[in-house]
J.: 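There's a structure below that I have some questions on.
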Amino acid sequence: PEAITVQELANRMAEKGADLVKALFKMGMAVTVNQTIDQDTAELLVTEFGHNIRRVSDADVEQDLDTTEDREEDLQPRAPVVAVMGHVDHGKTSLLDALRGSGVAGGEAGGITQHIGAYQVTMKDKSKITFLDTPGHEAFTEMRARGADVTDIVILVVAADDGLMPQTIEAINHCKAANVPMIVAINKVDKEDANPQRVRERLLEHEVIVEEMSGDVQDVEVSALKKTGLDDLIDKIQLQAELLELKANPDRAAEGAVIEAKLDKGRGPVATILINRGTLNVGDVFVVGAESGKVRAMLDDKGRQVKKAGPSMPVEVLGLSGAPMAGDRLQVVDNETKAREIAEYRKGVIHQKRTAQAPASLESMFSAMK
Ligand code: GDP
Ligand code: MG
């Protein structure tokens, strides 16, 4: 038997605790807001207040989420989202740092760059590229499995001295499975024992045929250390992005994906969200996985407060009920009651899955209220 305090139930119903106490009194029960009531009583109260327990299936949830396709004429170009993958120590982080420095933002004083797992670089021609700080390959697969396919292009970093290694091959397989175009960055070409040609040949064995070998996978020799080949790499990213014709509708309720989330001591639950479409504003109400919230504040990748975030922009969002999981989708909804209901429904589903029960939907709804 599930129990819930009167106040908690009131919160869920968006009613005043005192009104519930009054109703209970009329029903012959003298309780305070802090006392618990059983499930039958809670159900009675819910009915009494005319609340239907609507969220009984995924279909109900979908109804309240605006999942409509955007019309072609509402679409506008958006920045490509680029993930860097490759074997450990082949220079992923170094390359990202170097690329970051090659943007106009790199020249900014202070260098108080906050680490939010994703950042956007404004190039010299004013175009933007969003980089995802290497999620482990596991995270990449997980996010893909959960439908949050956010990466448009993968830069496969291969050290020219080391050549193809297990994680290189893993990354190639991920890209193929996800059908994400790859650009091969042959790194560390400054090293004496660098052998870029050997890398290209070994790639053939994995059916990655680079341009130098008359294939259609772009490749570029770089040195993250000496900062050579970077402009070339950026050109290739932009060329690839053009081919993909990346677009999104910025004028709609925002949708995004959780890149990472954590419970911050001072700030509470915080999530880095990559906006896929629409624009997220401070004050927007949303549901994200099995959590809900209202955007209290947003920070960009440099830790600056922003009021809105459009497609392909990564932002840190404050104001969540709890920490969601990487790969969870964020969707803006009309009001907080709806957001809470959807989150609670999803929690119920998660709860059901975990306990492997098949309870009636109403029961699961109440168990989710605990
Ligand atoms: P990650 O594990 O793939 O992120 O690799 P890191 O960026 O941490 O680099 C691993 C090591 O390789 C570090 O010691 C870097 O300084 C070094 N490194 C990265 N890029 C280059 C390069 O272009 N040339 C040389 N010589 N060393 C590099
Ligand atoms: Mg690294």
Side-chain angles (χ1 to χ4, degrees), residues 81-103 105-106 111-121 129-144 150-151 153-176 178 180-203 206 208 210-212 217-237 259-262 272 274 301-302 314 326-327:
V81 178
V82 179
V84 179
M85 299 180 83
H87 198 73
V88 64
D89 281 345
H90 278 201
K92 298 179 295 292
T93 303
S94 306
L95 188 61
L96 273 168
D97 288 348
L99 285 167
R100 187 176 217 168
S102 69
I112 341 152
T113 39
Q114 214 174 284
H115 179 85
I116 71 166
Y119 57 88
Q120 205 171 52
V121 181
I129 300 177
T130 300
F131 290 100
L132 295 187
D133 216 345
T134 9
H137 295 183
E138 245 167 65
F140 184 81
T141 319
E142 172 143 317
M143 280 176 67
R144 208 160 54 73
V150 293
T151 307
I153 299 166
V154 165
I155 298 179
L156 180 71
V157 180
V158 189
D161 57 338
D162 217 13
L164 264 65
M165 297 298 277
Q167 285 170 288
T168 318
I169 293 156
E170 232 180 78
I172 292 171
N173 293 335
H174 285 315
C175 289
K176 282 187 179 161
V180 178
M182 211 162 46
I183 297 172
V184 181
I186 305 175
N187 190 32
K188 305 197 188 185
V189 291
D190 60 281
K191 288 185 99 171
E192 216 156 272
D193 52 348
N195 190 348
Q197 192 54 23
R198 172 101 188 105
V199 172
R200 295 187 187 99
E201 284 163 13
R202 286 288 318 280
L203 283 170
H206 299 275
V208 178
V210 298
E211 282 181 326
E212 279 278 303
V217 176
Q218 301 196 88
D219 65 313
V220 53
E221 291 184 15
V222 297
S223 165
L225 190 75
K226 306 272 185 218
K227 301 192 171 31
T228 59
L230 300 179
D231 288 343
D232 214 8
L233 176 56
I234 289 164
D235 284 347
K236 293 191 182 209
I237 294 169
I259 303 298
E260 58 188 11
K262 61 177 183 227
T272 300
L274 178 72
D301 53 0
K302 290 171 195 70

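Atoms within a ligand are numbered from 1 in the order they appear, just like the ligands themselves.
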J.: Can you see whether His90 engages Asp162 through a side-chain donor-acceptor pair at a distance of less than 3.5 angstrom?
T.: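 Yes, side-chain donor-acceptor contact under 3.5 Å.
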
J.: Measuring from Leu203:CG to Glu212:CD, what's the distance to the nearest 0.5 Å?
T.: 12.0 Å

J.: Examine the proximity of ligand 1 to His87 and report which part, side chain or backbone, both or neither, has a heavy atom under 4.0 Å away.
T.: backbone

J.: Report the part of Asp190 in contact with ligand 1, treating N, CA, C, O as backbone and CB onward as side chain, heavy atoms under 4.0 Å; options are side chain, backbone, both, neither.
T.: side chain

J.: Under the 3.5 angstrom rule, does the side chain of Lys92 hit a backbone N or O of Gly86 as a donor-acceptor pair?
T.: yes

J.: Does a side-chain heavy-atom distance below 4.5 Å link Leu230 with Leu95?
T.: yes

J.: Could you name the option among Ser223, Ala98, Ser94 that has the heavy atom nearest to atom 19 (C) of ligand 1?
T.: Ser94

J.: Check this for me: Lys176, atom NZ, are more than 12 non-hydrogen atoms of other residues, nucleotides or ligands nearer than 6.0 Å?
T.: yes

J.: In a check of salt bridge (Lys or Arg N to Asp or Glu O under 4.0 Å) between Glu221 and each of Lys191, Lys188, Arg200, which one passes?
T.: Arg200

J.: Which option out of Ala224, Ala159, Gly91, Gly86 puts a heavy atom nearest to atom 5 (O) of ligand 1?
T.: Gly91

J.: Considering the heavy atoms of Lys191, write down every atom of ligand 1 situated less than 4.0 Å from one of them.
T.: 26 (N)

J.: Among His90, Lys227, Lys188, which one puts a heavy atom closest to atom 11 (C) of ligand 1?
T.: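 Ranked by closest heavy atom to atom 11 (C) of ligand 1, first place is Lys188.
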
J.: Can you list the ligand 1 atoms lying under 4.0 Å from a non-hydrogen atom of Asp89?
T.: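 So the answer, numbered in order with elements, is 1 (P), 2 (O), 3 (O), 5 (O), 10 (C), 12 (O).
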
J.: Is it the side chain (CB and beyond), the backbone, both or neither of Asn187 that lies under 4.0 Å from ligand 1, heavy atoms counted?
T.: side chain

J.: Purely on distance, is any nitrogen or oxygen of Leu225 under 3.5 Å from one on ligand 1?
T.: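 Leu225 vs ligand 1: N/O contact under 3.5 Å present.
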
J.: Is a donor on one side and an acceptor on the other found under 3.5 Å between the side chain of Asp301 and the backbone of Gln120?
T.: yes

J.: With a cut-off of 2.8 Å, does Thr93 place any N/O/S atom under that distance from the Mg ion (ligand 2)?
T.: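 Of the N, O and S atoms in Thr93, at least one lies under 2.8 Å from the Mg ion (ligand 2), which means yes.
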
